[in-house]
Trainee: 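Have a look at this one before I ask anything.
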Amino acid sequence: VATTDYAFLAAVVAPAAAVGGMFSGGRKLSAAGAFVLTATLGTALFGMDNSKLAVVACIFMSSAVFMLLPVKLTAEQGDIARVKAGENSVRKLFSKRLKFAGGAIAEVRRTVGITAEKLDNNIGSDISWVYNTACDEICRKCRYNMQCWGKEYGDSIKQFAKITNMVKSGESADPDAFSEPLSERCPKKQELIDKIRRLCDVYVASSTEKRRIARMRNILTAQLSATEQILSQLSDEIENSGEIEPQYNKTACNVLSKLGCEDADAVNVELGEQGRMFVEAYSDTGFFASKQDICEAMTLAFRRRFDLPTLSRVGGACKLSLFSGTTYTLDVEICQISKTEGTACGDYYESFIDKNGTAYVVLSDGMGSGGRARVDSSFACAMLIRLLQAGVGVEAAISVINTSLVCKSSDESFATLEICAVDLYSGKIDLYKAGSANTYIKCGNRFVTIGCKGLPIGVKDEPVYDRRTFTIGSRDMIVMTSDGAELNEKWLYREMDKQPDLKEFSKEVANTARFYAGDEKSDDISVIAMRLSR
């Protein structure tokens with residue numbers, strides 16, 4: 001660089017480096033020789049003068065320094081590259097296996113539906129099967145067959161349909177129930193009634209069993225569909241995750257070991273978009289250091305700012321999630337008031353931040369109020385959070401919780417569900433609403449009320465919910481409420497515009513809703529106030 005211009009240097013060194021790189025997999029002497037020969041020939045093409053000779057001397061000197069370096073210093077980067085390539089290859093293979101398994105689950109689900117259609121045709125789908133079958137067996141050899149089922153077909157069908165409906169509804173049916181002219185002519189009225197009664201019992205039992213099996217089949221296919229979604233989402237997450245850095249994995253493992261977690265051997269560090277770093281670690285015994293100590297140690301080790309880690313447990317295993325500092329923080333305050341003082345609130349709330357820097361705030365309102373409603377809401381909310389923490393996508397998690405509520409009890413068991421997922425890097429929000437109450441949003445100078453057209457989960461075999469996506473910025477607010485909080489929007493928006501203290505604001509809104517509801521309309525009340533801050 002000191003002896004010539006950049007254009008000439010690039011024209012000489014770039015081809016030489018390319019040729020030398022072709023021999024980098026062998027001995028050092030081969031790579032250095034190829035580099036020197038190519039660079040020297042390239043320099044000679046531009047003519048040999050004092051400056052060109054100086055360049056050639058620099059080339060030989062740099063190659064000599066390269067040869068003097070220890071082999072481990074020049075081979076280490078190649079080893080790391082091979083390790084990274086191997087890990088990325090395994091990751092892609094694992095991703096494809098998950099997707100293939102998801103395809104197999106989908107085939108099972110479709111096969112169940114096709115097989116059900118083929119096998120469900122044994123007994124007629126309506127009550128006409130009863131009298132048609134009875135008449136086929138009894139009237140076939142009757143001498144009046146052509147009269148009843150030819151000239152007077154319409155009258156015969158009406159009378160047999162009437163008799164069948166009488167038997168089905170539990171009324172007393174006897175030969176006198178037939179009217180003229182069929183009553184006068186038919187010699188087998190009692191046999192027909194007895195046959196209709198037996199077939200009606202078969203039809204009712206078959207219909208009941210069909211409904212039961214259809215419900216079970218719907219639940220099974222819904223669970224299979226949810227499993228397919230889970231596998232597909234995990235596959236996409238693995239395939240599209242950030243670059244694997246083996247040296248970073250080793251650094252993170254050493255940090256956790258020094259903090260007392262020596263069994264944290266499953267440690268993964270990824271680099272994502274815009275330089276985001278994510279650390280994930282698993283332990284069977286748990287992480288004994290405080291969140292603050294872990295955060296500070298990782299910050300010193302990687303020379304970048306981290307937010308406090310998230311610790312979650314599933315069974316006996318513990319998972320640590322740590323990500324580089326986000327653009328925003330989400331401040332959350334909640335106030336809950338029970339319908340009856342001294343009893344449990346039927347609403348349940350929980351929140352956490354996942355490995356991608358997305359904050360989840362979940363509110364569920366069980367059917368009714370008090371302890372019974374608390375069972376459904378806490379089940380739906382807590383299980384949903386566990387699935388999200390395990391890496392399951394929101395929509396697949398909702399499907400699993402929905403079928404779980406359907407199967408959980410012989411009594412009606414359902415709950416509303418609202419999920420607010422906030423990307424703390426961009427401010428993007430995904431809002432999922434299943435039968436939930438209004439949500440109020442302040443974005444800049446705009447105020448928006450979002451209602452819900454969906455149904456509580458557990459009502460149908462397939463969940464029905466709304467999804468809205470929007471973006472908010474610093475100092476913007478979101479207020480989530482349960483069914484018991486009926487609010488005056490103009491008053492609420494004025495209060496939100498004052499940038500209030502969230503804790504006092506949530507209390508004021510909940511108490512105001514309770515006051516105006518009165519005793520007749522009173523219900524459990526939950527108000528969650530959130531504000532995004534840079």
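Note: hydrogens, waters and symmetry copies are ignored here, and every other heavy atom, side chains too, is used.
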Trainee: Do side-chain atoms of S506 reach the backbone of K503 as a donor and acceptor pair under 3.5 angstrom?
Mentor: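 Yes; judged by distance alone, with no hydrogens or angles, the pair exists.
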
Trainee: State, yes or no, whether a side-chain contact exists between L492 and F447 at a heavy-atom distance under 4.5 Å.
Mentor: no

Trainee: When rounded to the nearest 0.5 angstrom, what is the spacing between CE in M480 and OH in Y349?
Mentor: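 Output value for this atom pair is 9.0 Å.
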
Trainee: Looking only at non-hydrogen atoms, find the nearest pair between A34 and G20 and report the distance.
Mentor: CB-CA, 4.1 Å

Trainee: Heavy atoms only: give me the nearest I398-P463 pair and the separation to one decimal.
Mentor: CG2-CB, 3.9 Å

Trainee: About how many Å separate CG of D524 and CD of Q336, when rounded to the nearest 0.5 Å?
Mentor: 8.5 Å

Trainee: Look up atom OG in S283 and atom NZ in K319, then write down how far apart they are to the nearest 0.5 Å.
Mentor: 14.0 Å

Trainee: I need the single residue from V362, D466, I450, L431 that forms a side chain to side chain contact (heavy atoms under 4.5 Å, CB included) with E418. Which is it?
Mentor: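 So, applying the side chain to side chain contact (heavy atoms under 4.5 Å, CB included) to E418 and each of V362, D466, I450, L431, only L431 qualifies.
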
Trainee: Does any non-hydrogen side-chain atom of M477 lie less than 4.5 Å from one of Y440?
Mentor: no

Trainee: Checking D307 against T326: is there a side-chain donor and acceptor pair closer than 3.5 Å?
Mentor: yes

Trainee: Do any N or O atoms from the side chain of D347 and from the backbone of L363 form a donor-acceptor pair under 3.5 angstrom?
Mentor: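 Looks like no, no N/O pair under 3.5 Å.
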
Trainee: When you measure from the side chain of E495 to the backbone of P500, do you find a donor-acceptor pair of N or O atoms at a distance under 3.5 Å?
Mentor: no

Trainee: Looking at every heavy atom in both A397 and L388, which two are closest together, and how far apart are they?
Mentor: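 Closest pair (atom of A397, atom of L388, distance): CB-CD2, 4.4 Å.
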
Trainee: Please enumerate all residues that pass ring-ring contact (aromatic ring centres under 6.0 Å, His included) together with F352, with sequence neighbours excluded.
Mentor: Y360

Trainee: Are any non-hydrogen side-chain atoms of V267 and L256 less than 4.5 angstrom apart?
Mentor: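 A side-chain contact under 4.5 Å exists here.
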
Trainee: Look at the side chain of R531 and the backbone N and O of D501, then say whether any donor-acceptor pair between them is shorter than 3.5 Å.
Mentor: no

Trainee: Evaluate the criterion side-chain contact (heavy atoms from CB on, under 4.5 Å) for residue pair I419 and Y465; output intermediate values, then yes/no.
Mentor: CA-CA 11 Å; I419 307 165; Y465 56 89; over 6 Å; no

Trainee: Determine the minimum heavy-atom distance between C381 and Y348, stating which atoms define it.
Mentor: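 Looks like CB-CD2, 3.4 Å.
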
Trainee: How long is the span from the CD1 atom in I337 to the NZ atom in K507, to the nearest 0.5 Å?
Mentor: 10.5 Å

Trainee: So which heavy atom on I401 is nearest to which on M383, and how close?
Mentor: CD1-CB, 3.3 Å

Trainee: Does a side chain donor of either S377 or D365 reach within less than 3.5 Å of an acceptor in the other side chain?
Mentor: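 Looking only at side-chain atoms, D365 and S377 do not form any donor-acceptor pair under 3.5 Å.
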
Trainee: Checking Y432 against L417 for the side-chain contact (heavy atoms from CB on, under 4.5 Å) test, could you report, in this order, the C-alpha distance in whole Å, the side-chain angles of both residues, the deciding distance, and whether it holds?
Mentor: CA-CA 8 Å; Y432 300 83; L417 194 63; over 6 Å; no

Trainee: What distance separates I429 CD1 from C420 SG, expressed to the nearest 0.5 Å?
Mentor: 5.0 Å

Trainee: Any chance you could measure D423, atom CG, to I472, atom CD1, to the nearest 0.5 Å?
Mentor: 11.0 Å

Trainee: Check whether any side-chain heavy atom of E333 sits under 4.5 Å from a side-chain heavy atom of F505, and report yes or no.
Mentor: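 The answer is no; the side chains never approach within 4.5 Å.
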
Trainee: When you measure from the side chain of K460 to the backbone N and O of L455, does any donor-acceptor pair fall under 3.5 Å?
Mentor: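 Side chain of K460 to backbone of L455, a donor-acceptor pair under 3.5 Å: no, none is there.
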
Trainee: Take V279 and F306 through the side-chain contact (heavy atoms from CB on, under 4.5 Å) test and state the conclusion after the steps.
Mentor: CA-CA 10 Å; V279 181; F306 286 94; 4.2 Å; yes

Trainee: Strictly distance-based, threshold 3.5 Å: is any side-chain N or O of T481 a donor or acceptor partner for the main-chain N or O of N438?
Mentor: yes

Trainee: With side chains defined as the heavy atoms from C-beta onward, is the minimum distance between S324 and Y425 less than 4.5 Å?
Mentor: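 Heavy-atom side-chain distance check passes, below 4.5 Å.
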
Trainee: So do the side chains of D430 and T358 get within less than 4.5 Å of each other, counting heavy atoms only?
Mentor: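 Not touching, per the 4.5 Å side-chain cut-off.
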
Trainee: Which heavy atom of T299 sits nearest to which heavy atom of C295, and what is that distance?
Mentor: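 Closest approach of T299 to C295, heavy atoms only: OG1-O, 2.8 Å.
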
Trainee: Quick one, T251 and V269 - any side-chain contact, counting heavy atoms below 4.5 Å?
Mentor: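 Contact flag for T251/V269 side chains = no.
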
Trainee: Starting from the C-alpha separation in whole Å, work towards a yes-or-no answer on side-chain contact (heavy atoms from CB on, under 4.5 Å) for T329 and L424.
Mentor: CA-CA 6 Å; T329 59; L424 297 179; over 6 Å; no

Trainee: Report yes if the side chains of V13 and F35 come closer than 4.5 Å at any heavy-atom pair, otherwise no.
Mentor: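 With C-beta onward as the side chain, the pair touches.
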
Trainee: Check whether T416 reaches the backbone of G435 with its side chain - one donor and one acceptor, N or O, closer than 3.5 Å.
Mentor: no

Trainee: Does S257 use its side chain to pair, donor to acceptor, with the backbone of C253 at less than 3.5 Å?
Mentor: no

Trainee: Is the side chain of N254 donor-acceptor paired with the backbone N or O of K250 at a distance under 3.5 Å, no angle test?
Mentor: yes

